[in-house]
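Just so it is clear, the values below take in all heavy atoms, side chains as well, and ignore hydrogens, waters and symmetry mates. Below, chains carry the letters A, B, ... as their sequence lines are ordered, and counting in each starts from 1.
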Amino acid sequence: MKWSEFFTSSIGKKFVMSLTGLFLIAFLIVHASINACIFADLPVFDANDNGEIFNKAAHFMGATILIRILEYGLFLFFILHIYQGYLLTVQNKSKRSVGYAVNLGNRGSKWYSRSMALLGTLILLFLILHLGHFWVKARFLHNLAPVTYNGVEMHDMFAEMKMVFAQPWVVIVYVLGCISLAYHLAHGFQSAFRTLGVHNNRYNIILTSLGYGFAIIVPLVFALMPIAMYLGWVA
Amino acid sequence: MSSNNLNLTLKVWKQKNSQDKGQFETYQVKDISDEMSFLEMFDVLNEKLIAEGKEPVTFDHDCREGICGACSMYIDGKPHGPWLANTVCQLHMRAYKDGDTVTVEPWRANAFPVIKDLMVDRSAFDRIIQAGGYISVNTGNAQDANNIPIEKQLADDSFAAAACIGCGACVAACKNSSAMLFLSAKVSHLALLPQGAIERKTRVLNMIAQMDAEGFGACTNTGACEAVCPKEISLTNIARLNQEYLLAGLTAEK
């Protein structure tokens, strides 16, 4: 079997979706962990932190060569996941030219499992806005306010977050983005492992629970960031 | 046992041949016993249509015992009608109330072209089986049934997969018109047994290649197939099929 045959077969295409999806899931853990450093400023921890821990963590991510290389991989996997996802959606839709008068709907499957392309599109739109808010400014425009800790100058990402999340519409869009992500993960997490061929019942039970847990906790941590900034919980 | 008689309105898909566009026809059926099966209700309708000199409704059926997989009606948005783990021939009219309107459509998938009315061409499934749904055995006298020891759990799992009757409800229910539940049942049935070990790799590769060539979609694990399967084939089989395919595809010699 040629590689080209393998990766263009129906299961091969899903294999690519699965592997890229799992990489993006791993990225979400890193992203959420780094950004959760803003909560160090909560009064319960250290009200005088003012984003120092977060800024240092963000600086580490931006200034470490290995992570910058992984960043290229991340973009490659994002593009592959998006391209392959749309390709599969279009191809799968083309397999039924005449539709039904009455649809099965939610009697057989969850709505979000049938709406992965729509949820993915919402996440993509959010991602474009999100990259414009932070990543483009930090990497290319370099127009973020500087801050110096122990003689090292770095971007004050914390101040940038405070500024961006002072606008109510941005907070609403971010929360909607997180909700889309939650539903996308609710199906994607467990589906990725099924596509990889995990069929042992004991693992499936663990992965299903873990998937729903992940789909709730990670988007919730993300959504709490703009909300906490807007409501002044961290300032 | 007393029976209640029903009067129903049927909205049935009528299509002359695979080229015809087709449309819904509305029929009234009267005095249908609730002890009849859904197909017997269609027999009554067809008798009436023939007596009136009209064209009867074409539909597939064979054993009418729920074991052959020939009947294939998409009733009110669900393959094989409202009951769970059931075929149309075993759907009884007690599922309905007097005055109900029932919409009946054929399986919809480009790989299952409509031949006429509610009858579709499912020979794509035959070609998938021909591509790899077999095992190699010695000819001559059959060997003793207990000659090859098989672990009980594997035998049970294989048997559960072998219960697939190839009706195509999974394809009809799937938003992607994927035949993965059917394939996974056929591949699991053989891959779990020692007799299936000989063609284990080529079987799954050839059957998936044939499924793709027939124009079925890819699986997105929504689970709609499992929910409508008359033989309750488990979605777990699809994960097993994926594993079989990935291992065979990634470790193939050429």
Problem set entry | Over 12 non-hydrogen atoms of neighbours within 6.0 angstrom of CZ in B:Phe24 | yes
Exercise. Stepwise, does the side-chain contact (heavy atoms from CB on, under 4.5 Å) test hold for B:Asn221 with A:His187?
Worked result: CA-CA 8 Å; B:Asn221 297 315; A:His187 178 68; 4.1 Å; yes
Exercise. Within a radius of less than 6.0 Å around NZ of A:Lys137, do more than 12 heavy atoms belonging to other residues, nucleotides or ligands occur?
Worked result: yes
For this session: Check for a donor-acceptor pair, side chain of A:Arg114 on one end and backbone N or O of B:Ala224 on the other, with a separation under 3.5 Å.
Result: no
Exercise. Just how far is it from atom CG of A:Leu104 to atom SG of B:Cys174, taken to the nearest 0.5 Å?
Worked result: 10.5 Å
Problem set entry | CZ-CG distance between A:Phe15 and B:Leu246, expressed to the nearest 0.5 angstrom | 5.5 Å
For this session: Give a yes or no answer on whether the side chain of B:Asn242 reaches the backbone of A:Arg194 with a donor-acceptor pair at less than 3.5 Å.
Result: yes
For this session: Go through the atoms of B:Tyr245 and report whether side chain, backbone, both or neither lie under 4.5 Å from a heavy atom of chain A.
Result: both
Problem set entry | Considering all heavy atoms, the nearest B:Met211-A:Ser10 contact | CE-OG, 3.3 Å
Problem set entry | Neighbour count above 12 (heavy atom, 6.0 Å) for A:Phe77 CZ | yes
Problem set entry | Among the listed options B:Ala227, B:Ser177, B:Ala248, the residue most often paired with chain A at heavy-atom distances under 4.5 Å | B:Ser177
Problem set entry | A:Thr89 portion near chain B, given a 4.5 angstrom heavy-atom threshold | neither
Exercise. Are more than 12 heavy atoms from other residues, nucleotides or ligands located less than 6.0 Å from atom CZ of A:Phe7?
Worked result: yes
Exercise. In terms of heavy-atom pairs under 4.5 Å, which option from A:Leu88, A:Asn204, A:Leu196, A:Asn103 contacts chain B the most?
Worked result: A:Asn103
Problem set entry | pair A:Ser191-B:Thr220: side-chain heavy atoms closer than 4.5 Å | no
Problem set entry | B:Ala252 portion near chain A, given a 4.5 angstrom heavy-atom threshold | side chain
Exercise. Are any of the side-chain heavy atoms of A:Tyr100 and B:Thr103 separated by less than 4.5 Å?
Worked result: no
Exercise. Are A:Lys95 and B:Asn176 close enough that some pair of their side-chain heavy atoms sits under 4.5 Å apart?
Worked result: no
For this session: Sort B:Phe112 into side chain, backbone, both or neither according to what part of it lies under 4.5 angstrom from a heavy atom of chain A.
Result: neither
For this session: Measure B:Leu205 against the heavy atoms of chain A and call it side chain, backbone, both or neither at under 4.5 Å.
Result: side chain
For this session: Flag yes if more than 12 heavy atoms outside A:Phe75 fall under 6.0 Å of its CZ atom; otherwise flag no.
Result: yes
For this session: Report the option among B:Arg240, B:Lys78, B:Glu226 that has the most heavy-atom pairs separated by less than 4.5 Å from atoms of chain A.
Result: B:Arg240
Exercise. Distance from B:Gln243 atom CD to A:Asn200 atom CG, nearest 0.5 Å?
Worked result: 7.0 Å
For this session: Specify which of B:Leu250, B:Val228, B:Ile238 makes the most heavy-atom pairs with chain A at under 4.5 Å.
Result: B:Leu250
Exercise. When rounded to the nearest 0.5 angstrom, what is the spacing between OG in B:Ser178 and CZ in A:Arg96?
Worked result: 10.5 Å
Exercise. When you measure from the side chain of A:Asn92 to the backbone N and O of B:Ala218, does any donor-acceptor pair fall under 3.5 Å?
Worked result: yes
Problem set entry | Residue B:Ala172 versus chain A: region with a heavy atom under 4.5 Å | both
For this session: Taking the side chain as every heavy atom from C-beta outward, state whether A:Lys14 and B:Cys219 have any pair of such atoms under 4.5 Å apart.
Result: no
Exercise. Is it true that a side-chain atom of B:Glu105 and a backbone atom of A:Val102 form a donor plus acceptor pair closer than 3.5 Å?
Worked result: yes
For this session: Examine whether an atom of A:Val98 lies under 4.5 Å from a heavy atom of chain B, and if so say whether it belongs to the side chain, the backbone or both; otherwise answer neither.
Result: both
Exercise. Above 12 or not: heavy atoms from other molecules or residues under 6.0 Å from CD1 of A:Ile217?
Worked result: no
Exercise. Does the B:Asp212 side chain pair with the main chain of A:Ser9, one donor and one acceptor, at a distance under 3.5 Å?
Worked result: no
For this session: Could you tell me whether A:Tyr83 atom OH has more than 12 heavy atoms of other residues or ligands within 6.0 Å of it?
Result: no
Exercise. At what distance, to the nearest 0.5 angstrom, does CZ of A:Arg107 lie from CG of B:Leu84?
Worked result: 11.0 Å
